[in-house]
Amino acid sequence: MIEKLTEWANAGDSNSAYHLAQLFKEIFSEYIKWLEKAAEGKNFQAMKEFAEILRNGDEKIRNTEKAVQIYKELVTDFYDVESMEILVDMCAPSDTETLNLILDTIDKRYNEIYLRDYQILGRVLEIGTRRHNECTIQTLQAIERRRISSSIRKLLAGN
């Protein structure tokens, strides 16, 4: 099994590389090698794990710049809320480029979802026929992104 996974991972299959990383979790150097390969192949879980290690790992592996780059990719490619929040925390208020990247991503991708679902929710609240826990997951995600957007705008206004 490991031979096949290695063959596929070396051929560029990021899922196989991620599975190898998980198999070698006890051997840190192998774990990092396969995790990085999977992250380079845009495997979502690998990117999150690798960025976290680069951000919080020991001094030998810590690389904040590379972690920021991976988190930026997670934001732009996967619209990941957790990565947005981590980037806001990692970036100084003076890093307007990164903060604006997050704002642009939120504005481009989620405004229409938020507005569409907010209108539906508004009508439902008017009529009073739908419970709060029946909101769509997209609505809740859009609201969360709007919260992040608001905190970024406050940071940028402080500059």
Side-chain angles (χ1 to χ4, degrees), residues 1-114 133 135-159:
M1 179 174 110
I2 290 178
E3 295 82 23
K4 270 295 183 197
L5 284 174
T6 304
E7 179 184 328
W8 294 334
N10 285 327
D13 181 19
S14 63
N15 290 328
S16 296
Y18 182 68
H19 287 302
L20 280 169
Q22 298 308 304
L23 289 173
F24 287 111
K25 218 166 190 170
E26 300 299 317
I27 306 169
F28 192 71
S29 61
E30 285 294 307
Y31 170 65
I32 291 300
K33 172 184 145 184
W34 291 114
L35 193 62
E36 183 173 16
K37 189 167 187 70
E40 288 170 357
K42 303 291 186 203
N43 179 288
F44 177 76
Q45 280 305 119
M47 291 173 76
K48 288 191 76 142
E49 279 183 45
F50 191 54
E52 185 66 24
I53 290 170
L54 292 173
R55 181 170 69 110
N56 293 322
D58 63 21
E59 291 178 17
K60 288 184 261 180
I61 195 157
R62 189 176 303 142
N63 185 337
T64 307
E65 288 177 20
K66 194 169 185 177
V68 166
Q69 187 56 43
I70 293 170
Y71 284 122
K72 284 180 180 180
E73 290 175 23
L74 285 163
V75 167
T76 57
D77 296 347
F78 297 99
Y79 314 111
D80 183 52
V81 173
E82 184 180 8
S83 298
M84 290 177 191
E85 291 194 78
I86 289 169
L87 270 177
V88 170
D89 289 341
M90 286 179 76
C91 297
S94 60
D95 187 357
T96 57
E97 178 189 339
T98 300
L99 296 174
N100 281 321
L101 171 80
I102 298 168
L103 279 178
D104 291 344
T105 302
I106 290 170
D107 289 343
K108 274 190 251 172
R109 175 77 170 134
Y110 289 98
N111 271 352
E112 69 271 5
I113 293 171
Y114 177 76
N133 64 353
C135 292
T136 66
I137 190 69
Q138 291 87 0
T139 302
L140 298 176
Q141 288 172 340
I143 290 169
E144 183 65 15
R145 286 174 180 85
R146 299 303 290 173
R147 184 191 61 73
I148 294 168
S149 176
S150 176
S151 65
I152 291 172
R153 291 183 202 290
K154 287 177 187 171
L155 280 173
L156 290 173
N159 286 340

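Basis for what follows: all heavy atoms, side chains included, without hydrogens, waters or symmetry-related copies.
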Closest heavy-atom pair and its distance - [X], [Y]:
X	Y	answer
Trp34	Ala9	CZ3-CB, 3.5 Å
Ala67	Met90	CB-CE, 4.3 Å
Ala38	Tyr18	CB-N, 3.5 Å
Gly41	Ser14	O-OG, 3.4 Å
Lys72	Glu97	NZ-OE2, 4.1 Å
Phe24	Tyr31	O-CB, 3.3 Å

Looking at side-chain heavy atoms only, is the closest gap between [X] and [Y] below 4.5 Å?
X	Y	value
Met47	Asp80	no
Lys37	Asn10	yes
Lys66	Glu36	yes

Nearest-0.5 Å distance, [atom1] of residue [X] to [atom2] of residue [Y]:
X	Y	atom1	atom2	result
Glu40	Leu35	CD	CG	10.0 Å
Leu101	Ile106	CG	CD1	9.5 Å
Phe50	Leu74	CZ	CG	12.0 Å
Glu30	Leu20	CD	CG	8.5 Å
Asp95	Leu87	CG	CG	8.5 Å
Gln69	Thr98	CD	OG1	9.0 Å

Sole residue of Val75, Ile102, Ile70, Asp77 in side chain to side chain contact (heavy atoms under 4.5 Å, CB included) with Ser83: Val75
Glu144/Arg147 ion pair, N-O < 4.0 Å: yes
Selection residues 82-101 - residue pairs positive for ring-ring contact (aromatic ring centres under 6.0 Å, His included), sequence neighbours left out: none
Ser149 side chain to Arg145 backbone, donor-acceptor under 3.5 Å: no
Side chain Thr6, main chain Ile2, donor-acceptor under 3.5 Å: yes
Derivation and outcome, side chain to side chain contact (heavy atoms under 4.5 Å, CB included), residues Leu54 and Ile61: CA-CA 6 Å; Leu54 292 173; Ile61 195 157; 4.3 Å; yes
Polar side chain donor-acceptor pair, Glu52 to Tyr71, under 3.5 angstrom: yes
Listed partners of Phe44 passing ring pair (Phe, Tyr, Trp, His ring centres under 6.0 Å), at least two apart: Phe78
Intermediate values then yes/no, side chain to side chain contact (heavy atoms under 4.5 Å, CB included), Met1 and His19: CA-CA 11 Å; Met1 179 174 110; His19 287 302; over 6 Å; no
Side chain to side chain contact (heavy atoms under 4.5 Å, CB included) between Ser150 and Lys154, worked out: CA-CA 6 Å; Ser150 176; Lys154 287 177 187 171; 4.0 Å; yes
Working for side chain to side chain contact (heavy atoms under 4.5 Å, CB included), residues Leu103 and Asn100: CA-CA 5 Å; Leu103 279 178; Asn100 281 321; 3.9 Å; yes
